[in-house]
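Worksheet for the structure shown next.
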Amino acid sequence: LAFSRREGILTDLCHRGVALLERGPRLCVWRAPTDNDNTTWGQQKAAIRWRNAGLDRLVHDVQRLEWRQPVRSAVRVVVHSRVCAPDLPDGFAVTCTYTVYGDGDILLDTHVLPDPSLPNLPRVGLVLSIPGAFDTVTWYGRGPHESYADRKESAAINVYWSTVDQLYHPYVMPQENGNRTDVRWAAFTSRDLTGVMVLGQPQMEFSAHHCTAEDLTAARHTCEVPRREEITVYLDKAQSGLGGNSCGPGTLPQYMVWPVETRFTVLLRPLTRGSSVL
């Protein structure tokens, strides 16, 4: 594996001759606004406040990258960054600690310290890109349909299987979609079961598409959403609930993601040909 000192992310991850990564994990707090987020009336006006805070145009400024080897079987890489919109002073102090073990596991601990002046957040988590060949998804969590913090009672916890394309929900207006909650682990594999598994520590939310949140934000119709070859994966500590603000009350406070100090951990595990994910 290789890191970029300039970008502060993993730029290459190869296991037994197979490339597992297109672009490494980094902080993500933006989601494509939903119909409920996009309202211009009422008290919440979520998407307006998010854009005013620059959450749709964050820039990652790497302040330093350091590494050490605490034990013979592991290497630790720590990346300190300042994340904010280029035209605004308020943002996030972010520390990502990668512990790379000799068996290929990568434990990624992310510490996020938001400035208190920020509004409630769309989400707090990570985004990464993996090769398009890993388009079979198996997960242990809520499913089989999408779920959110305030919309998950109908989604039972079990082991589910899908393709990445089937995770997408084609709302008339492109927006955030396809989230899965209370996920213990998710595996992205090719036909021969090569791929990568992500394990929550202990739980996470995830979504995965052949497009990005920025693609969904820019489009006005589903046919305008580009289909990218790579798969963009979102791994969230938490994502804001949906509420009902387009026709009723907004998101309740207990389902919002507040700008408070947050720490979350995921484990990335390479899967070799013929691996079992169960």
Side-chain angles (χ1 to χ4, degrees), residues 27-58 85 92 114 118-127 137 139 141-155 162 164-183 186 203-228 231-259 262:
L27 177 74
C28 180
V29 301
W30 178 253
R31 78 176 181 196
T34 66
D35 289 338
N36 293 337
D37 298 331
N38 263 327
T39 54
T40 58
W41 59 85
Q43 294 184 345
Q44 290 197 342
K45 302 176 184 174
I48 293 174
R49 291 187 294 108
W50 294 343
R51 287 189 171 96
N52 288 342
L55 302 185
D56 61 334
R57 54 186 188 279
L58 296 179
F92 308 83
L118 292 171
N120 65 294
L121 308 174
R123 67 187 342 144
V124 59
L126 301 168
V127 59
V137 188
W139 76 95
R142 292 192 181 271
H145 49 272
E146 65 179 5
S147 58
Y148 293 82
D150 57 354
R151 278 178 174 80
K152 64 180 184 179
E153 289 302 313
S154 67
S162 176
V164 171
D165 285 328
Q166 290 169 338
L167 294 177
Y168 184 85
H169 191 98
Y171 290 104
V172 174
M173 178 74 169
Q175 55 195 278
E176 166 62 34
N177 72 89
N179 191 58
R180 267 67 179 177
T181 58
D182 296 337
V183 174
Q203 296 181 15
M204 62 184 180
E205 302 183 25
F206 90 91
S207 60
H209 300 301
H210 281 285
C211 61
T212 67
E214 290 74 20
D215 293 334
L216 293 171
T217 302
R220 291 295 174 265
H221 305 88
T222 294
C223 62
E224 298 171 0
V225 179
R227 190 183 191 281
R228 299 179 182 272
I231 298 165
T232 301
V233 181
Y234 294 90
L235 307 171
D236 292 325
K237 167 70 173 178
Q239 185 175 161
S240 175
L242 300 181
N245 205 40
S246 59
C247 58
T251 306
L252 296 175
Q254 62 266 38
Y255 300 121
M256 292 182 177
V257 179
W258 298 101
T262 303

Sequence neighbours excluded, the answer for salt bridge (Lys or Arg N to Asp or Glu O under 4.0 Å) partners of R57 is D87
Distance-only, no hydrogens or angles: does the [X] side chain make a donor-acceptor pair with backbone N or O of [Y] under 3.5 Å?
X: S147; Y: T181; value: yes
X: D150; Y: G243; value: yes
X: Q44; Y: T251; value: yes
X: E224; Y: R220; value: yes

Minimum heavy-atom separation for [X] to [Y], with atom names?
X: R123; Y: S207; answer: NH2-OG, 3.8 Å
X: H145; Y: S154; answer: NE2-OG, 2.9 Å
X: A53; Y: P119; answer: CB-CD, 3.5 Å
X: P122; Y: L55; answer: CD-CD1, 3.7 Å

Distance, nearest 0.5 Å, that separates [atom1] of [X] from [atom2] of [Y]:
X: N177; Y: L167; atom1: CG; atom2: CG; answer: 9.0 Å
X: N52; Y: L118; atom1: CG; atom2: CG; answer: 12.0 Å
X: E176; Y: S240; atom1: CD; atom2: OG; answer: 10.0 Å
X: I231; Y: C211; atom1: CD1; atom2: SG; answer: 11.5 Å

List for me each residue that meets side chain to side chain contact (heavy atoms under 4.5 Å, CB included) alongside [X], sequence neighbours excluded, and say none if there are none.
X: T212; result: E214, D215, R228, T232, Y234
X: R51; result: W30, P33, N38, A47, D56, T217
X: K237; result: V124, T262, F264
X: T39; result: W41, N245, S246

4.5 Å side-chain heavy-atom contact, [X] and [Y]:
X: H210; Y: D165; value: yes
X: W50; Y: R31; value: yes
X: W258; Y: P114; value: no
X: Y255; Y: N120; value: no

When F206 is tested against each of D236, N179, V137 for side-chain contact (heavy atoms from CB on, under 4.5 Å), which residue passes? V137
Y148 and side-chain contact (heavy atoms from CB on, under 4.5 Å): which single residue from R142, Q239, R180 fits? Q239
For E153, does the CD atom have more than 12 heavy-atom neighbours from other residues, nucleotides or ligands under 6.0 Å away? no
Not counting sequence neighbours, which residues clear ring pair (Phe, Tyr, Trp, His ring centres under 6.0 Å) with H169? List them please. Y171
For a quick check under 3.5 Å, do D35 and Q175 share a side-chain donor-acceptor pair by atom type? yes
